[in-house]
S.K.: 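This structure is in structure tokens; I'll ask about it shortly.
Values reported hereafter were calculated over all heavy atoms of this structure, with side chains retained and with hydrogens, waters and symmetry mates removed. These figures come from a predicted structure and were not determined experimentally.
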Amino acid sequence: MGIERPFWRAIAVFRVASLLYAAVLLAQHQGYAEPLTGWLVIGVMGLWTAAAIFAYSVEALRRWPLLVLDLLVAVACLLASPYVEGARPSGEGAMPVPATWIAGPVLAWAVHGGRRLGTVAAAVVAAADLWLRVRGTDAPVLINGAVLLFMTGVVVGHVARLAKQAEERMQRAVEMEAAQRERDRLARDVHDSVLQVLALVQRRGQELGGEAAELGRLAGQQESALRALFIRPAPPPTGVTDLRPLLMRYGSERVTISTPATPLVLPGPVAKEMAAAVGAALDNVRAHCGPAARAWVFAESGDGTVTVSVRDEGPGIPAGRLEEAAAAGRLGVSQSIRGRIEGLGGHVLITGVPGEGTEIELTVPA
């Protein structure tokens with residue numbers, strides 16, 4: 001991944017710097033009885049530093065064989081320290097030949113596999129380091145180096161894992177945004193051309209009747225199918241739902257659904273109840289206006305609310321009819337529609353003029 005490149009470059013710089021530090025310590029002859037053997041170890045460290053920097057720069061080579069070999073070379077160089085220090089016991093605080101260079105594989109394992117693998121590599125190197133410190137000496141054993149190795153593996157591994165997750169999320173967000181932009185562009189183009197032509201064919205076919213009416217019905221079906229296709233959204237965030245696909249399920253040659261190009265995002269339960277209320281309103285249209293009655297559903301959002309209007313071309317609602325229905329126990333409007341929406345903290349506005357159809361406006365907080 002691209003986010004790992006800075007980590008690998010930083011590890012390369014660390015390897016070179018720690019190699020130079022080990023060479024300076026050896027050049028000062030601090031506690032080393034066999035400096036020639038020490039320079040041989042330094043030579044091995046130098047060759048592996050060059051090889052590791054190149055190998056880790058190639059993504060295809062960053063696999064288990066390289067990681068294991070890196071760790072084995074570091075441990076081998078570390079275990080060679082007694083031969084450089086000579087037969088005498090190491091004094092308290094004596095620095096092994098590889099010095100800080102042995103942390104390179106720990107960093108590599110942490111970047112590759114996160115804090116767990118970083119901890120495993122740190123445990124292997126720290127065990128070898130502690131074994132050298134307790135071997136053949138009664139001096140107090142310092143565990144500072146082991147603690148630092150474990151902290152390095154955990155912290156660097158955790159940061160590397162967070163960086164990878166952030167890059168993955170960013171990539172998904174960019175892909176979703178690009179897909180949504182392309183979907184919106186296609187929806188605008190189709191709406192400005194194909195959908196308008198299909199709506200015109202549907203309307204004119206119904207006016208002409210006969211075979212033209214059947215052609216208009218088919219055009220209406222295709223219009224609904226196209227609308228559903230182009231508003232199919234990318235998956236919304238967890239816990240929320242786009243209301244538009246729920247409304248498009250009610251579309252048919254008799255029911256026209258109009259929604260905005262952008263998602264109508266509501267909490268999942270609220271979106272389902274809103275869609276159910278719209279379905280109940282359409283059931284009323286079929287029950288009171290006949291199965292051939294036309295209906296229109298318009299959805300929009302604004303000022304922190306989502307509003308859906310259901311209009312029909314039926315006979316309208318005479319004054320007092322809803323109150324009479326509720327008193328007679330017919331609770332379709334009062335419970336299935338008004339009760340649902342008011343239970344969500346919204347409100348319902350019903351406008352019915354005899355002979356001019358009915359409009360039911362459902363509004364809920366977004």
S.K.: Would you check if the side chain of K164 reaches a backbone N or O of E4 as a donor-acceptor pair within less than 3.5 Å?
M.R.: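 Checked: no pair found.
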
S.K.: Walk me through whether W48 and D70 qualify under side chain to side chain donor-acceptor pair (under 3.5 Å).
M.R.: CA-CA 8 Å; W48 180 248; D70 191 12; 2.7 Å; yes

S.K.: Apply side-chain contact (heavy atoms from CB on, under 4.5 Å) to V120 and list each qualifying residue two or more places apart in sequence or on a separate chain.
M.R.: W109

S.K.: Tell me, with the steps shown, if L71 and V125 meet side-chain contact (heavy atoms from CB on, under 4.5 Å).
M.R.: CA-CA 8 Å; L71 189 61; V125 177; 3.5 Å; yes

S.K.: State yes or no: do W101 and V16 share one hydrophobic cluster built from I, L, V, M, F, W and Y residues joined by side-chain heavy-atom distances below 4.5 Å, directly or via other members?
M.R.: no

S.K.: Side chains of C289 and E313, heavy atoms from C-beta outward: is any pair under 4.5 Å?
M.R.: no

S.K.: Start with the C-alpha gap between T363 and T305, add the side-chain angles, then the distance that decides, and say whether side chain to side chain donor-acceptor pair (under 3.5 Å) holds.
M.R.: CA-CA 7 Å; T363 304; T305 62; 5.9 Å; no

S.K.: Quick one: does any side-chain atom of D312 pair with a main-chain N or O of T358 as donor and acceptor, under 3.5 Å?
M.R.: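 Present.
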
S.K.: Will you find, in the side chains of Q171 and E175, an N or O donor that is under 3.5 Å from an N or O acceptor?
M.R.: yes

S.K.: Before giving the answer on side-chain contact (heavy atoms from CB on, under 4.5 Å), spell out for L362 and L349 the whole-Å C-alpha distance, their side-chain angles and the decisive distance to 0.1 Å.
M.R.: CA-CA 7 Å; L362 316 174; L349 177 62; over 6 Å; no

S.K.: Is atom CZ of R294 surrounded by more than 12 heavy atoms (other residues, nucleotides or ligands) closer than 6.0 Å?
M.R.: yes

S.K.: Parallel, tilted or perpendicular for Y56 and W8, by the 30°/60° rule?
M.R.: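 The rings of Y56 and W8 lie parallel, inter-plane angle below 30°.
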
